Amino acid sequence: MSDTPDPKELLSVLFRDLNDVEQPGRYLGGEAGSIVKDGSHLYRVALSFPDVYEIGMSNTALKILYGQLNRLPGVAAERVFSPAEDFEQVLRDRDVPLYTLESKTPLRECDLVAFTFAYELLATNMLTILDLGNIPVLAAERSEHDPLVIAGGPGLTNPIPYGNFLDAVFIGEGEGEFSTLAETLSVMKRDGRSRNEMLQYVHSHPAVWHSQRKTAVRRAIWRDFTRDDMGTVYGAGFPLPSIPVIQDHGVVEIMRGCPQGCR
């Protein structure tokens with residue numbers, strides 16, 4: 001987009017507009033516990049639950065992945081949510097791309113956009129986030145300068161309807177393997193590998209589906225719930241919400257999936 005403001009100046013550019021929209025705290029970042037990493041060498045991952053801030057900040061998967069990825073020295077995990085209609089219009093009128101909350105990095109300048117996709121009604125929000133981030137909605141139209149776009153979660157039990165929009169779909173549970181995937185991608189970036197080489201690496205993972213895949217996908221399953229070092233497993237923490245969220249209390253996971261054994 002033209003005349004994109006410097007990330008450090010972004011909020012000052014949007015200051016008057018933020019005063020006029022509902023719940024401006026959705027778009028500010030800077031919460032206690034947020035993790036901000038600087039450096040162009042970092043592999044920057046935009047994690048998204050594609051709904052408004054109050055819903056996304058209540059998502060357990062987002063919290064786990066944020067903490068795990070930010071434990072990795074070569075990776076910076078940041079958050080981006082779907083703006084409400086009033087702020088979406090502000091971004092379009094101002095010709096400002098959607099940005100991450102931690103460093104205010106325009107979405108297209110990230111290395112990876114990773115959606116946690118809980119249910120089908122989030123599909124249009126996911127496409128809106130890509131569009132507002134100035135990322136081509138169709139995977140076939142993305143270039144060397146665009147981030148990889150990956151999604152995972154229970155809403156993608158059947159990923160085929162989304163195959164034209166996503167570069168890859170991670171099938172199953174990400175705790176045990178997604179951070180390893182991101183760590184390898186960070187090394188590949190440091191080594192100067194191309195986007196296509198990184199995408200081929202992602203496509204080679206046994207738990208990754210993509211629209212051209214002809215072989216079966218192995219669903220990733222996390223089994224280590226009884227480990228003694230779960231604080232290490234779940235990583236570096238998660239920001240405290242700056243405004244009330246829909247689940248404004250502590251969460252304890254007592255089961256995963258349904259009694260029939262689905263994950």
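Given the structure is predicted, the values throughout are model-derived calculations rather than measurements.
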Under 3.5 Å: donor-acceptor pair, side chain of [X], backbone of [Y]:
X	Y	value
Arg218	Ala207	no
Gln68	Glu175	yes
Asn59	Ala61	yes
Glu102	Ile35	no
Thr100	Thr105	yes
Asp146	Ser143	yes
Asp51	Ser82	no
Asn164	Leu138	no

Flag yes if [X] and [Y] sit in one hydrophobic cluster, no otherwise; membership is Ile, Leu, Val, Met, Phe, Trp, Tyr, and two members link when side-chain heavy atoms are under 4.5 Å apart.
X	Y	value
Leu69	Leu42	no
Ile243	Leu101	yes
Ile246	Met57	yes

Which heavy atom of [X] sits nearest to which heavy atom of [Y], and what is that distance?
X	Y	result
Tyr99	Val80	O-CG2, 3.6 Å
Ile135	Pro147	CD1-CG, 3.5 Å
Pro159	Thr157	CD-O, 3.5 Å
Leu62	Phe49	CD1-N, 4.1 Å
Pro206	Arg213	O-NH2, 3.8 Å
Asp167	Arg195	OD2-NH2, 2.9 Å

Classify the side-chain pair [X]/[Y] by whether it contains a donor and acceptor separated by less than 3.5 Å.
X	Y	answer
Asp131	Thr128	no
His203	Gln212	no
Ser58	Gln247	no
Glu144	Ser194	no

Dump the intermediate steps for salt bridge (Lys or Arg N to Asp or Glu O under 4.0 Å) on Glu78 and Lys104, then the final yes or no. CA-CA 9 Å; Glu78 309 190 6; Lys104 310 302 183 290; over 6 Å; no
Ion pair check, [X] and [Y], cut-off under 4.0 Å:
X	Y	answer
Lys189	Glu197	no
Arg44	Asp38	no
Glu85	Arg92	no

Hey, could you give me each pair passing ring-ring contact (aromatic ring centres under 6.0 Å, His included) that has a residue in residues 104-153? Not counting sequence neighbours.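 Checked against ring-ring contact (aromatic ring centres under 6.0 Å, His included) - neighbours excluded - the pairs reaching residues 104-153 are Phe117-Tyr162.
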Angle between ring planes, Tyr27 versus Phe87, binned at 30° and 60°: parallel, tilted or perpendicular?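 If you compare the ring of Tyr27 with that of Phe87, the planes turn out parallel.
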